[in-house]
Amino acid sequence: MAAASVVAIGAAVVWVATDSDSAGSAVPAAASAQAAAGPKLVIPSNFPDPGVIKVGTTFYAYATNSHGKNMPVASARSARGPWSILAADGLPRLGKWAKAGKTWAPDVSRRKDGKFLLYYAAHNAALNRQCVGVAVASSPAGPFAPYGTKPLVCDAPAGAQQGKLNPEIIDAAGYEEAGRRYLLYKVGYNQYHKPSFLALQRMSSDGLHRVGKPKVILKQTNEPYTVEAPYLVHRGGKYVLFYSAGVFSKDNYQTRYAVASSLGGPYKKAAKPLMTTAGFGRKVNGPGGAVVVPDAGSLRIFFHGAILVGPPPKPDPSPQPKKLQRGMYEADLRWSKGGLPYVP
C-alpha cells in the first residue's frame with residue numbers, strides 16, 4: 001500500500017498517495033504543461049466565495065450561504081469538473097452566537113488528527129456585525145459542528161482600528177507551516193467608507209484557539225475599494241498573499257497579490273492585479289474570492305464571477321448585475337521566470 005503525504009498551500013490541504021514515506025514538496029515547482037489553461041465556469045449556479053480542498057482524488061468546494069443552506073458543499077473528481085452540489089447542508093447548525101442568513105466565505109482544511117477544520121463568517125446577533133467562527137467535522141462533506149459558545153474573532157487588532165467604529169470580521173483563511181497554524185482574516189469598514197485591513201493570527205495546533213496577538217499585514221491603499229478574501233501561498237522562499245479588491249457586485253471586483261520574504265511581512269503589493277474583468281476579455285465578470293489548490297504537479301486557482309443563469313450559463317456582461325449570481329470558475333495558475341503568479 002502507498003504511504004500518504006500531506007501537501008499544504010494556504011488552507012488547502014491535500015492528502016496524496018505516494019510510493020514512499022517521504023513527504024512531497026510544499027508547493028509544486030511549476031504548473032504542468034499539460035494542465036488546461038483559461039478560466040472555466042465549473043459551477044454554473046450561485047456559489048460565491050468558494051473555498052476548495054482536495055482530499056485523495058476528490059475535490060470539495062464550500063460556498064457562502066445559498067441554495068437554501070448555511071454552507072453549500074460541492075464535489076468533483078477533477079478540478080475542471082463535472083461538479084455536483086451535495087444535497088446536505090455542510091453546516092446545518094451555526095454557533096449559538098450566530099444568526100442565520102449571512103454565513104460567508106467558508107474555509108476548510110484538514111488537521112493532523114484527520115478531522116476537518118472550518119472557519120466561517122456569520123452575523124453576531126448580540127453585536128449586530130459579522131464575526132468569525134470555527135467548526136469541526138469527521139468528513140470533508142460535513143456536517144460540521146460549531147465549536148464554542150462565542151465567536152473565534154470579533155474584534156479589530158491594533159493597527160486595524162477606525163476610532164470607535166465597529167469592524168466587520170470576515171473572510172477567514174487558514175494557513176499551516178512547520179507544524180504551526182495561522183488564521184488570516186479581513187477587518188472591514190466598508191459601511192463607513194473607511195480603509196480595510198488584512199490580519200494574521202497564530203492559532204493553537206487544533207486550530208480552535210488564538211495564540212498571542214494578531215498582526216496587520218496589509219492595508220487598503222490604492223485598491224479600487226476594500227481589501228478582502230486573503231489566501232496565502234509559500235513558494236520559492238516567498239510568501240504570496242492573494243486578495244480581492246473592488247466592489248463584489250460590480251465588474252471592478254478583482255484578484256490581486258502582494259509578496260513578502262517572511263510570513264509576517266512586510267508585504268509588497270504587485271503593480272498590476274492578477275485577474276480582472278478586462279484582463280479576461282470580459283469572459284469572466286468580477287473574478288474574486290480566489291483560493292489555490294495543488295493538483296497532480298500543477299496549481300489550480302478557484303474563484304467566483306458574476307454569471308447569467310440559464311441555458312447555457314454565461315458571464316454576466318453588465319457592469320453591476322441586477323440580480324447578482326456568482327458561479328465558481330477554475331483556471332491554471334502559473335508562475336513567471338521571476339517567480340510571479342499569472343493566469344493564462
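Numbers here simply count residues along the sequence, with the first being 1. Reckoned from all heavy atoms, side chains included, excluding hydrogens, waters and symmetry mates.
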*Can you list the steps and then say if Asp171 with Tyr243 is a side-chain contact (heavy atoms from CB on, under 4.5 Å)?*
CA-CA 10 Å; Asp171 295 351; Tyr243 66 98; over 6 Å; no
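- The structure places CZ of Arg80 at 5.5 Å from NZ of Lys40, a figure rounded to the nearest 0.5 Å.
- In terms of modelled atom types and a separation under 3.5 Å, the side chain of Arg111 and the main chain of Asp206 share a donor-acceptor contact.
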*Begin with the C-alpha distance, continue with both residues' side-chain angles, and end with the deciding distance and a verdict on side-chain hydrogen bond (donor to acceptor under 3.5 Å, both in side chains) for Thr58 and Ser75.*
CA-CA 7 Å; Thr58 303; Ser75 67; over 6 Å; no
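- Side-chain N or O atoms of Gln130 include one that pairs as donor or acceptor with a backbone N or O of His123 at under 3.5 Å.
- Below 30°, between 30° and 60°, or above 60°: for Tyr257 and Phe242 the angle between ring planes is between 30° and 60°, a tilted geometry.
- Residue Val52 is grouped with residue Val233 when hydrophobic side chains (ILVMFWY) are merged at heavy-atom distances under 4.5 angstrom, including chains of intermediate members.
- Between the CD atom in Gln325 and the OG atom in Ser45 there is a gap of 8.0 Å [rounded to 0.5 Å].
- One distance of note links OH of Tyr147 with CG of Leu118; it measures 15.0 Å at 0.5 Å rounding.
- Residues Arg181 and Glu176 are paired through a salt bridge, judged by an N-O separation under 4.0 Å between the basic side chain and the carboxylate.
- In this structure, Tyr182 is a member of the same hydrophobic cluster as Tyr267, with clusters built from ILVMFWY side-chain heavy atoms closer than 4.5 Å.
- By the 30° and 60° cut-offs, the orientation of the rings of His304 relative to Tyr253 is parallel.
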_Run the side-chain contact (heavy atoms from CB on, under 4.5 Å) test on Val136 and Leu117 for me, step by step, so that the C-alpha distance in whole Å, both residues' side-chain angles and the decisive distance to 0.1 Å come before the verdict._
CA-CA 5 Å; Val136 180; Leu117 186 69; 4.2 Å; yes
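- Phe303 is connected to Leu340 through a chain of hydrophobic side-chain contacts under 4.5 Å among Ile, Leu, Val, Met, Phe, Trp and Tyr, so both are in one cluster.
- Under the 4.5 Å side-chain heavy-atom criterion for Ile, Leu, Val, Met, Phe, Trp and Tyr, Leu127 and Tyr185 are members of distinct hydrophobic clusters.
- Taken together through direct or relayed side-chain contacts under 4.5 Å among Ile, Leu, Val, Met, Phe, Trp and Tyr, Val227 and Leu232 form part of one hydrophobic cluster.
- Taking 4.0 Å as the cut-off between side-chain N and carboxylate O, Lys115 and Asp113 do not count as a salt-bridged pair.
- Panel note: side chain Gln201, backbone Val211; a donor-acceptor pair is recorded below 3.5 Å.
- Separating the CG atom in Asn65 from the CG atom in Asn46 is a distance of 9.0 Å, to the nearest 0.5 Å.
- Here the straight-line distance linking atom CZ of Phe248 with atom CD of Glu228 works out to 8.5 Å at 0.5 Å rounding.
- Ring geometry for Tyr189 versus Tyr192: interplanar angle of 30 to 60°, hence tilted.
- With respect to the salt-bridge test (charged N to carboxylate O, under 4.0 angstrom), the residues Asp316 and Lys322 do not qualify.
- Residue pairs meeting the side chain to side chain donor-acceptor pair (under 3.5 Å) criterion with at least one partner in residues 270-282, sequence neighbours excluded, are Asp251-Arg282.
- Taking NZ of Lys99 as the reference point, atom CG of Asn124 lies at 11.5 Å (rounded to 0.5 Å).
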